[in-house]
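Below: the structure, in structure tokens.
Only heavy atoms go into these numbers, but all of them, side chains included; no hydrogens, no water, no symmetry mates. Nothing here was measured: the structure is a model prediction, and the numbers come from that model.
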Amino acid sequence: MSPPAAPAPLLIACALGIERIALRGKGRGGTDGPVTVLRTGMGPAAAERSVTRALAGPALRDAAVLATGFCAGLAPGMHPGDLVVAGETRDPRGGVPCVGTDVLVRELARVVPGRTVHTGPLTGSGHVVRGNERAELLATGAIAADMESAATLLGAVRAGARPVAAVRVVVDAPEHELVRIGTVRGGISAFRVLRSVLPAYLEWHRSLLLPRR
């Protein structure tokens with residue numbers, strides 16, 4: 001009898017050093033396969049290039065990919081520290097559907113109780129979203145924006161068929177812009193939430209490995 005196949009690894013991609021610090025701040029117990037937290041650098045080009053390079057190596061060739069970090073909320077009523085689970089990511093090149101969003105919503109509610117979890121399209125931008133641009137992006141149906149998630153997932157699926165997802169923590173929103181007083185408080189809130197979410201990502205990964213009925 002041949003030995004069982006090794007579990008597919010998990011690649012968690014984020015852009016900033018502070019995001020990587022948050023994600024590595026907790027233990028990784030409970031995962032069924034190896035986990036890599038990759039700092040891609042800022043912007044869509046850097047994210048796609050870094051993830052494509054990582055997936056080209058044999059260790060991560062079959063990895064599931066989850067893009068995460070901070071984002072701009074687009075909808076009125078969003079607050080720093082809210083979570084966004086993408087149903088799909090979008091950029092001018094097209095959309096990428098996400099897998100296992102129900103698992104992520106359930107597990108995030110469990111590991112970060114009391115935080116609002118929003119679901120919907122996550123749009124890519126080549127720059128930090130400000131002012132009236134939020135309303136323009138909201139009119140497209142997107143609920144949040146960031147610079148890397150769409151490019152990360154597009155690069156991931158172009159490198160081969162695999163499960164992908166994106167989860168972002170709102171760091172600013174229409175009533176809580178970064179340029180306003182309260183920025184530090186919002187940033188600290190978002191950091192604390194991001195530091196707590198890794199167990200939900202590991203459960204999402206584990207769920208992908210379970211046999212489907």
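- No continuous path of ILVMFWY side-chain contacts below 4.5 Å connects F70 to L122, so the two sit in separate hydrophobic clusters.
- Side-chain contact between V37 and E19: absent, with no pair of heavy atoms (C-beta onward) separated by less than 4.5 Å.
- Under the rule for a side chain to side chain donor-acceptor pair (under 3.5 Å), R162 has no partner lying at least two apart in sequence or in another chain.
- L55 belongs to a hydrophobic cluster whose remaining members, ordered by chain and number, are L11, L38, V51, L60, V65, V96, L153, L154, V157, V164; membership requires side-chain heavy atoms of ILVMFWY residues under 4.5 Å apart, directly or through intermediates.
- When all heavy atoms of P163 and L208 are compared, the pair lying nearest together is CB-CD1, 3.6 Å.
- Shown are V111, V197, V35; of these, the side chain to side chain contact (heavy atoms under 4.5 Å, CB included) with L202 is made only by V35.
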side-chain contact (heavy atoms from CB on, under 4.5 Å) between F191 and V169, worked out = CA-CA 8 Å; F191 177 84; V169 182; over 6 Å; no
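- A salt bridge links R93 and E48; the closest N-O separation between the charged side-chain nitrogens and carboxylate oxygens is under 4.0 Å.
- One finds the CG atom of L66 at 10.5 Å from the SG atom of C14 (value rounded to the nearest 0.5 Å).
- V170 has its side chain out of reach of L83: every pair of non-hydrogen atoms, C-beta onward, lies at least 4.5 Å apart.
- A salt bridge links R90 to E88: at least one charged side-chain nitrogen sits closer than 4.0 Å to a carboxylate oxygen.
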request  = Any chance you could lay out the side-chain contact (heavy atoms from CB on, under 4.5 Å) test for R53 and T40, step after step, and finish with the verdict?
outcome  = CA-CA 10 Å; R53 185 185 306 120; T40 65; over 6 Å; no
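- In the model, R115 has a side-chain atom that pairs as donor or acceptor with a side-chain atom of S189 under 3.5 Å.
- Side chain to side chain, R158 and T52 fail the donor-acceptor criterion of an N or O pair below 3.5 Å.
- You'll find the side chain of E148 reaches within 4.5 Å of the side chain of R168, heavy atoms only.
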